[in-house]
Amino acid sequence: MKQLGIILLIVTGLSLQSCSKRDITNYNGGHYIQFTTAFTDTLQFSFFFHPGKPEVDLAMPVRLTGTMPEKDLDYMIEVVQDKTNAPSTTYTLPAVFKYRAGFTQDTAHIVFKNIPQLATEAVLLTIRIKDTEAVKAGQTNYAYRVFRISDLIAKPVWWNAEMDRFYLGIYSEKKFRAFMDVTGVGDLAAYDPSQQRVLMLRFKYYLIEMKENGTPLLLEDGSDMLASLPLIG
């Protein structure tokens with residue numbers, strides 16, 4: 001019985017923590033909008049992964065809780081100014097968003113814009129779903145997003161341990177730059193697995209061609225870049 005009491009206290013504590021300041025599991029009427037995933041860390045966005053694009057549209061899935069509306073709902077997402085140092089020229093955020101009636105999930109969009117400043121430093125943009133009379137923000141830790149925006153090179157999230165072992169090999173800046181030069185792609189996560197393989201093979205065949213021509217591409221340590229690719233095909 002004592003163990004049961006301890007377990008109940010732990011579960012209760014976790015439940016209160018996960019619901020933060022607003023209990024989203026017991027809404028009695030009203031409309032509440034939140035992002036589909038909780039805020040866990042700053043989201044990295046670099047224009048380096050989008051070569052040649054002066055601006056990029058980023059989709060942000062949202063969902064509705066509470067009562068389902070009979071017509072479209074207008075809702076707002078605002079910039080948290082005291083947690084933002086990104087110039088207003090680096091993004092476009094619509095004044096009003098529309099959540100379509102009958103949808104359990106919809107999408108909000110923000111546009112990031114490249115400016116010269118981003119080539120030398122990253123800036124922070126914090127946004128949150130705003131309470132209005134018609135629509136309230138949902139669970140607190142689902143109502144925020146923080147973006148670190150830049151045009152700086154960095155190892156992309158998609159270049160993970162599986163990529164190291166089976167496809168492009170261990171990450172290096174020279175290899176990544178070469179991959180982007182050959183394929184014109186910096187964000188493989190935007191492609192399905194078959195498309196990713198086509199792009200990676202294009203890169204491998206280019207490295208083969210360069211080596212056969214006597215001008216192999218080399219890594220930072222002077223070793224052959226082609227030899228570092230475990231990709232089969």
Side-chain angles (χ1 to χ4, degrees), residues 35-37 40-62 86 90-92 105-125 145-233:
F35 296 112
T36 56
T37 56
T40 55
D41 202 356
T42 300
L43 300 172
Q44 306 291 330
F45 178 89
S46 177
F47 277 97
F48 179 82
F49 303 141
H50 306 274
K53 293 185 178 180
E55 58 182 50
V56 174
D57 184 296
L58 182 70
M60 301 180 293
V62 295
T90 58
Y91 62 89
T92 297
Q105 182 171 311
D106 210 337
T107 307
H109 291 265
I110 185 171
V111 176
F112 293 137
K113 298 183 177 182
N114 202 356
I115 62 173
Q117 177 183 346
L118 298 181
T120 57
E121 66 173 304
V123 296
L124 288 179
L125 171 64
R145 283 291 180 271
V146 181
F147 299 99
R148 183 177 184 270
I149 310 168
S150 75
D151 193 12
L152 302 172
I153 187 170
K155 182 179 179 179
V157 174
W158 55 261
W159 201 313
N160 53 24
E162 184 177 345
M163 190 64 62
D164 287 345
R165 184 176 180 183
F166 299 109
Y167 301 105
L168 293 179
I170 301 299
Y171 172 85
S172 85
E173 182 176 323
K174 287 189 71 173
K175 189 190 296 186
F176 188 28
R177 287 185 181 277
F179 177 82
M180 289 184 59
D181 288 342
V182 173
T183 65
V185 171
D187 184 13
L188 272 185
Y191 298 84
D192 63 40
S194 61
Q195 293 172 321
Q196 291 178 5
R197 180 170 175 77
V198 169
L199 291 168
M200 290 186 289
L201 285 173
R202 183 189 304 173
F203 178 54
K204 180 177 181 179
Y205 296 155
Y206 172 80
L207 294 180
I208 292 174
E209 180 181 356
M210 294 298 289
K211 187 172 184 177
E212 290 177 346
N213 290 338
T215 54
L217 268 65
L218 305 178
L219 294 171
E220 286 85 345
D221 62 1
S223 62
D224 181 18
M225 189 177 295
L226 175 61
S228 73
L229 266 67
L231 177 66
I232 298 174

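All values derive from a computational prediction rather than experimental measurement. Throughout, residue positions are numbered sequentially from 1 according to the sequence presented.
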Stepwise side-chain contact (heavy atoms from CB on, under 4.5 Å) test for V146 and L125 | CA-CA 6 Å; V146 181; L125 171 64; over 6 Å; no
Closest approach of H109 to T107 (non-hydrogen atoms, all atoms of both residues) = NE2-CG2, 3.6 Å
When you look at T36 and M60, which way does the side-chain contact (heavy atoms from CB on, under 4.5 Å) test go after all the steps?
-> CA-CA 8 Å; T36 56; M60 301 180 293; over 6 Å; no
Compare every heavy atom of L152 with every heavy atom of S46, then report the nearest pair and how far apart it is.
-> OG-O, 2.6 Å
Hey, what's the ring geometry for F176 with F49, parallel, tilted or perpendicular (30° and 60° as the breaks)?
-> tilted
Shortest non-hydrogen contact from G233 to K204?
-> O-NZ, 3.3 Å
To the nearest 0.5 Å, what is the distance between CE (M200) and CD (Q195)?
-> 11.5 Å
Would the number of heavy atoms belonging to other residues, nucleotides or ligands and lying under 6.0 Å from NZ of K53 be above 12?
-> no
Side-chain touch L168/F179, heavy atoms, less than 4.5 angstrom | yes
Donor-acceptor contact below 3.5 Å, side chain N213 vs main chain T215 = no
Atom OG1 in T183, atom CG in D181: separation rounded to 0.5 Å?
-> 8.5 Å
Chi angles and distances behind the side-chain contact (heavy atoms from CB on, under 4.5 Å) call for Y91, V111 = CA-CA 5 Å; Y91 62 89; V111 176; over 6 Å; no
Between G169 and P230, which heavy-atom pair has the shortest distance, and what is it?
-> N-CD, 3.3 Å
Side chains of Y171 and P156: closer than 4.5 Å at any heavy-atom pair?
-> yes
Taking every non-hydrogen atom, the tightest pair across N114 and F47 = N-CZ, 3.3 Å
Any donor and acceptor pair, going by atom type alone, linking the side chain of Q196 with main-chain N or O of L188 inside 3.5 Å?
-> yes
Sub-4.5 Å side-chain heavy-atom contact between L201 and L231 = yes
Will you find, in the side chains of T42 and R145, an N or O donor that is under 3.5 Å from an N or O acceptor?
-> no
Any sub-3.5 Å donor-acceptor pair from E121's side-chain atoms to L118's backbone N or O?
-> no
Heavy-atom side-chain proximity of E173 to E220 below 4.5 angstrom = yes
4.5 Å side-chain heavy-atom contact, T92 and K113 = yes
Ring-ring centroid check Y167 F203, cutoff 6.0 Å = no
Residues G186 and P51: closest non-hydrogen pair is N-CD, 4.3 Å
Donor-acceptor contact present, side-chain K174 to main-chain L218, <3.5 Å | yes
Geometric class of the F112/F147 ring pair [parallel <30°, tilted 30-60°, perpendicular >60°] = perpendicular
The single option from M210, E212, K211 passing side-chain contact (heavy atoms from CB on, under 4.5 Å) against I208 = E212
Minimum side-chain heavy-atom gap L207-L229 below 4.5 Å | yes
Looking at CG of L58 and CD1 of I110, how far apart are the two atoms once the value is rounded to the nearest 0.5 Å?
-> 7.5 Å
side-chain contact (heavy atoms from CB on, under 4.5 Å) between K175 and L219: does it pass, once the steps are laid out?
-> CA-CA 7 Å; K175 189 190 296 186; L219 294 171; 4.0 Å; yes
